[in-house]
Amino acid sequence: LCTCRNNYFRADTDPPDSACTSVPTAPRNVISNVNETSLVLEWSEPRDAGGRDDLLYNIICKKCSVEPRLCMRCDDNVEFDPRQLGLTERHIYISNLMAHTQYTFEIQAVNGVSSKSLQNPQFASVNITTNQAAPSEVPTMHLHGSSGNTMTLSWEPPKKPNGVILDYEIKYFEKQGQTDSIANTVTSQKNAVRLEGLKPNTAFVVQVRARTVAGYGQYSFPMEFRTLVDDGSSSKSFQELPLIVGSATAGLVFVIAVVVIAIVCFRKQQNNTESEYTEKLQQYITPGMKVYVDPFTYEDPNEAVREFAKEIDISCVKIEEVIGAGEFGEVCRGRLKLPGRREIFVAIKTLKVGYTERQRRDFLSEASIMGQFDHPNIIHLEGVVTKSRPVMIVTEFMENCALDSFLRASIFMSSNTKNSRRVICVFQCIYKEKNELMRKLGGFRNLAEIGERWLVLAP
């Protein structure tokens, strides 16, 4: 029996008098084609197959972070077609990747003696970044109310929005036996809609789909809803009229009582000029004095947000484009149109899908801190969106981006030595004032972060 040399082997199934073979070299000429959150890989066979004809390929998927660049194995929900290991073909289709994510794929070449070698299989790698995909299907719809000619519907947001949902498109048509009539479409910025002008006692088929900056997703599964008989609806409404009037009267009396009690308590508080002890600050404060409150002293972060930030309806916010990515999600530029106010440009920070409770608490704490400041030299908080997905923080839009980046650019772009010295002086003044503010407020950690990232200079 002939003994094989180093790095040459015989497989367990090879005859004893067969020639010794080696492991194959790496595949060559890898080509990748990315389509939103799917990928097609193609490659050429290795230069040296090791003297064997049982060549196979394995695909190793790794998901990588941007900074620092750390890679780990992909989740089990990534799909490989036809399969991930033991490929005989030199191409593969990979789907169900995450949007806006960096991946590294290793294509290994193995044969019948690769398991005999102490070294890892040789491979060729390729780095790709996925694009933004359209949202997934809306899971289900619910009927909340119906009359002779109207229906009120709601639905759950897509499980994978893959970005900020801009609006929903609702398609509905009258069901007529075996045939369907012409479909009508309406749009809604909320996950609810009221369909009007319908035919009484008629079945309607309704579908809905979501839209992001990447486009529309697929329509939901068709669901059938029926309007009421017109006469029965009118009679029912007439019978319920006394109950509605009685409920409204009772509600009005309750509101008046609450207002009277609030006025009495407010006047008593104004008359009391002595210092009061507050549990949240663990100290005595003088009435009328504004004191900074650390939001992390609240057991429920939502309580701090409700106290210091204003809730904005999602219909008032219009996202125009994605301008960056932060620690918690995408940063967008958009417009805000509140009732009775003119439309303004705003910056919108969104909380990414799949967040943890700790991430949501840290994200909302920024709004709780910013909402306590009202100064021309500190960025203004317009409000938050917490009652719909995604969770957002809406602030005034900084046209010149971050102050430190703007001042550094001014130093290098200015050919005037005198102007450069002025910019350096501004830097020194800003950090001196920030440190003085930190000393007075006790050096809260989150305030320091807000100071680094959000401090702006008034004109």
Side-chain angles (χ1 to χ4, degrees), residues 134-161 163-177 179-212 216-252 254-255 311-319 336-340 383-392:
S136 60
E137 294 182 7
V138 172
T140 184
M141 300 183 66
H142 305 281
L143 176 65
H144 287 276
S146 176
S147 66
N149 56 3
T150 63
M151 285 193 302
T152 301
L153 304 171
S154 69
W155 54 88
E156 297 178 4
K159 294 183 178 179
K160 294 182 179 180
V164 179
I165 301 295
L166 302 180
D167 53 39
Y168 295 90
E169 182 182 77
I170 301 92
K171 180 176 70 172
Y172 64 97
F173 54 86
E174 180 182 343
K175 187 174 183 180
Q176 299 176 344
T179 61
D180 298 327
S181 60
I182 299 176
N184 299 314
T185 59
V186 295
T187 58
S188 174
Q189 291 187 341
K190 301 180 180 179
N191 57 335
V193 70
R194 178 182 173 88
L195 302 179
E196 300 178 343
L198 306 178
K199 186 182 297 185
N201 194 23
T202 305
F204 288 87
V205 178
V206 186
Q207 294 176 278
V208 63
R209 62 179 180 176
R211 182 177 71 91
T212 64
Y216 281 106
Q218 295 183 356
Y219 274 113
S220 62
F221 184 79
M223 298 191 67
E224 184 176 325
F225 303 100
R226 178 176 290 274
T227 54
L228 299 178
V229 179
D230 199 11
D231 294 339
S233 176
S234 301
S235 177
K236 184 178 179 181
S237 298
F238 181 80
Q239 294 175 359
E240 292 180 351
L241 182 60
L243 179 61
I244 296 175
V245 174
S247 301
T249 304
L252 181 60
F254 177 78
V255 171
E311 180 71 22
I312 298 177
D313 193 278
I314 187 64
S315 61
C316 300
V317 181
K318 182 180 180 182
I319 297 178
L336 176 65
K337 179 64 174 70
L338 296 175
V384 297
V385 177
T386 61
K387 297 182 179 179
S388 59
R389 296 182 181 177
V391 180
M392 303 179 188

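Open room surrounds NZ on K318; 12 or fewer heavy atoms of other groups in view lie less than 6.0 Å from it. Residue Q218 qualifies as open at atom CD: its count of foreign heavy atoms under 6.0 Å is 12 or below. At most 12 non-hydrogen atoms from other residues, nucleotides or ligands lie less than 6.0 angstrom from NZ of K190. Other residues, nucleotides and ligands place more than 12 heavy atoms under 6.0 Å from the CZ atom of R211.
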Working for side chain to side chain contact (heavy atoms under 4.5 Å, CB included), residues I170 and S188 = CA-CA 8 Å; I170 301 92; S188 174; 4.0 Å; yes

Please test Y219 against V206 for side chain to side chain contact (heavy atoms under 4.5 Å, CB included), starting from the C-alpha separation and ending with a verdict.
-> CA-CA 10 Å; Y219 274 113; V206 186; over 6 Å; no

Would you please test V384 and I312 for side chain to side chain contact (heavy atoms under 4.5 Å, CB included) and show each step?
-> CA-CA 6 Å; V384 297; I312 298 177; over 6 Å; no

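Proximity of L336 to C316: side-chain heavy atoms (C-beta onward) are separated by under 4.5 Å at one or more points. Counting heavy atoms from C-beta on, the side chains of I319 and L166 come closer than 4.5 Å. By the 4.5 Å heavy-atom criterion applied to side chains, M392 and I314 are counted as neighbours. Side-chain contact between Y172 and L198 is present, with at least one heavy-atom pair separated by less than 4.5 Å. Side-chain contact between V391 and V385: absent, with no pair of heavy atoms (C-beta onward) separated by less than 4.5 Å. Within the 4.5 Å cutoff, the side chain of R389 has no heavy atoms near those of the I165 side chain.
Counting all heavy atoms, side chain and backbone alike, A210 lies closest to P158 at CB-CG, 3.8 Å. Nearest approach of T212 to P135, heavy atoms of both residues: OG1-CD, 3.7 Å. Residues L153 and H144 share a closest heavy-atom pair of C-CD2, 4.3 Å.
For the atom pair CD of E169 and OH of Y216, the computed distance is 4.5 Å after rounding to the nearest 0.5 Å. Taken from CZ in R194 to CE in M151, the straight-line distance is 11.0 Å, to the nearest 0.5 Å. Here the OG1 atom belonging to T187 is positioned 13.0 Å from the OH atom belonging to Y168, to the nearest 0.5 angstrom. Summarising the geometry, atom CD belonging to Q189 is positioned 6.5 Å from atom CG belonging to D167; distances are rounded to the nearest 0.5 Å. Considering CG of N184 and CZ of F204, their distance stands at 9.0 Å, rounded to 0.5 Å.
Between the side chain of N191 and the backbone N or O of W155 there is at least one donor-acceptor pair closer than 3.5 Å.
For the residue pair E156 / T140, no side-chain donor-acceptor distance below 3.5 Å is found, with atom types taken as modelled.
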N/O donor-acceptor pairs under 3.5 Å from side chains in residues 220-227, not counting sequence neighbours:
| from | atom 1 | to | atom 2 | distance (Å) |
| --- | --- | --- | --- | --- |
| S220 | OG | V208 | N | 3.1 |
| S220 | OG | V208 | O | 3.3 |
| E224 | OE1 | K175 | NZ | 3.0 |
| R226 | NH1 | N201 | O | 3.2 |
| T227 | OG1 | K199 | O | 2.7 |
| T227 | OG1 | N201 | N | 3.0 |
| T227 | OG1 | T202 | N | 3.0 |
| T227 | OG1 | T202 | O | 3.4 |

